[in-house]
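First the structure, in the form of C-alpha cells, and then the observations on it.
Per chain, numbering begins at 1; letters A, B, ... match sequence-line order.
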Number of protein chains: 2
Amino acid sequence: MKLEAAKAQFIQTWGSLATQWGINKTMAQIHALLLVTSDPISQDDLMEELSISRGSANMNIRELIDWGLVDRVIIPGERKEFFLAEKDIWKVFRQIVKERKKRELEPLLKVLQQLQAVEGDKKNREAKAFTDTIENIQKFVGQADKSLDSLVKADESWFWGNLIKLIK
Amino acid sequence: MKLEAAKAQFIQTWGSLATQWGINKTMAQIHALLLVTSDPISQDDLMEELSISRGSANMNIRELIDWGLVDRVIIPGERKEFFLAEKDIWKVFRQIVKERKKRELEPLLKVLQQLQAVEGDKKNREAKAFTDTIENIQKFVGQADKSLDSLVKADESWFWGNLIKLIK
DNA sequence: CTAATCTTTCAATAGTTATTGAAAGATTTA
DNA sequence: TAAATCTTTCAATAACTATTGAAAGATTAG
C-alpha cells in the first residue's frame, strides 16, 4: 500500500468513526491528517488536501485548538499560520477525556443531584422506581467521574501496567 | 420537584446527552423513560408519553432491543407487547461497551493492522511519521480493547474496588 | 499610509439524519 | 374464515447539522 493511499484511508476511517461519536467528520479528518504528518501544515494546505472550504477549515481548526488537540505554530519568515497536532495518543486520549468530562459528565452530575430532590412518597411505587434508578445512575456517574479524574492525571505506562495487573 | 417534572427533565437530559454521543435522541428518551418506570410500557403508551409517532417508536424500540438494553415482555391476557429496560446501570454500561467495542473498536483494529503494511521507506520522513503514529494508535487501541474485554466480564463492586485501589 | 496577504465571520445552501403516518403485513379472537 | 387488533415498513417530509464562499476584519510589509 502506498503512503498516500494509506493516509487517505486513515483519514476516512477516523472521520467516519468520529461521526458515530457525535463529532464533526471534517474536524476529525483534519485531526487525522495532522496526526500522521510530521511537519506543521497551513490552512491552505489543509483545504487543498481534504478538499474543504476556507470557512470549514477555519472553523474546525479552531474547534480542534479549543479541544486542546492542535496547536498554532509560527514559522519564522512565514506570514501564514501553521498547525500541528499532539502525536502522543495517550495525551490525546487524556485531553479528550478531560474535555468531555468537563462538558458532559459534570453538568449531568448536577442535574442528577437536583433530581434527587423529587417529592418522595415512599409508598408510591412509581416514585420509588424513579428515585432508585436516579440514585444508581448518580452513584455510577460519580464513581466514573472520580476514576476519570485519576486517569487524566495518570502516566501512560503506569496506567496500563496497573490496569493489566488489575484485570488479570 | 414533582415526579412528573423530574421524569421529564431526566428524559430530556438523557436525550440531549445522547445527541452529543451520536445516538438518536428519541431512542435515548425511550430508554430514559423505561429506566425510570418500574412496570413494562406498551408502544402506545410510549408514543403518548413522548409524543412520538408509531413508526419512530417502533424503530427506536427495536434498536434498543438490538443493543440489548430493552426486553420485550408478554403480559398474560394482553394482546399488545410491552417493554422493560434493564435497570442495573452497571449492566447497561457493560452492554453498551460490549456493543460499541464490537461495532467500532474491532473494525478499527483491522484497519490499523492493514495500514501498517504501508510501503516503508525508512529514510522518508513523512513515511516514518505515518507509521509511527499508526503504530502508537494501534498499541493504544489494542490495550484498550483488551482492557474493555475484562471490564465487560467484570463484576461491578470488584471493578470499582480495584480501580479505586489502583488510582489512589 | 496603502497594498498585499492572511484570518474570521455568517447568511445562504447543501447534505445528512430522523420522523411521520398511511398502508401492508401479522397475529389473534370468535 | 373474517374481523379486529397489533406490528412493521417505507416513501415523503421535516428537522438538524455542516459547508460554502464572498465580504469584512486583521495584520504585516514596503
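Across the protein-nucleic acid pair, R72(B) atom CZ and dT27(C) atom C1' stand 13 Å apart, rounded to whole Å. For the pair E81(B) CD and dT5(D) P, the computed distance is 17 Å after rounding to whole Å. Atom CG in D44(A) sits roughly 10 Å away from atom C1' in dT7(C) (whole-Å rounding). Rounded to whole Å, atom C1' of dT27(C) lies 12 Å from atom CD1 of I74(B). Per the geometry, CH2 belonging to W21(B) stands 20 Å off C1' belonging to dT17(C), to the nearest Å. Here the P atom of nucleotide dT8(D) and the NZ atom of K80(B) are 14 Å apart, to the nearest Å. Rounded to whole angstrom, the span from the CE atom of M47(B) across to the P atom of dT19(C) amounts to 13 Å. Computed from coordinates, the E63(B) CD to dA18(C) P distance equals 9 Å when rounded to whole Å.
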Protein and nucleotides 28-30 of chain C: nitrogen or oxygen contacts under 3.5 angstrom:
unit_1  : atom_1 : unit_2 : atom_2 : d
dT28(C) : O2     : R79(B) : NH2    : 3.3

Produce the list of close N/O pairs, under 3.5 Å, pairing protein atoms with atoms of nucleotides 18-23 of chain D; give distances to one decimal.
unit_1  : atom_1 : unit_2 : atom_2 : d
dT19(D) : OP1    : T26(A) : OG1    : 2.1
dT19(D) : OP2    : N24(A) : ND2    : 3.3
dT20(D) : OP2    : S53(A) : N      : 2.7
dT20(D) : OP2    : S53(A) : OG     : 2.9

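The 12-atom threshold is exceeded at NZ of K101(A), counting heavy atoms of other residues, nucleotides or ligands nearer than 6.0 Å. Within a 6.0 Å radius of CD in Q113(B), more than 12 heavy atoms belonging to other residues, nucleotides or ligands are found.
Residue contacts for Q43(B): at a heavy-atom cut-off of 4.0 Å it reaches a base atom on one of the strands shown. No engagement by S42(B) is indicated, since no non-hydrogen atom pair under 4.0 Å with the nucleic acid exists.
For E78(A) (side chain) and K80(A) (main-chain N/O), no donor-acceptor pair under 3.5 Å exists by modelled atom type.
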Verify side-chain hydrogen bond (donor to acceptor under 3.5 Å, both in side chains) between Q116(B) and E135(B), making sure each step is shown before the conclusion.
-> CA-CA 7 Å; Q116(B) 293 227 311; E135(B) 204 183 317; 4.7 Å; no
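For K87(A) and D132(B), the salt-bridge test fails: no basic side-chain N is under 4.0 Å from an acidic carboxylate O.
Relative orientation of the F159(B) and W90(B) rings is tilted, given thresholds of 30° and 60° on the angle between their planes.
Rounded to the nearest 0.5 Å, atoms CZ (F140(B)) and CD (E156(A)) are 7.0 Å apart.
Using a 3.5 Å distance cut-off with no hydrogens or angles, the side chains of S42(A) and E81(A) do not pair a donor with an acceptor. Between the side chains of D155(A) and S157(A), at least one donor-acceptor pair of N or O atoms lies under 3.5 Å.
Taking only side-chain nitrogens and oxygens, N58(B) never comes nearer than 4.0 Å to OP1 or OP2 of dT7(D).
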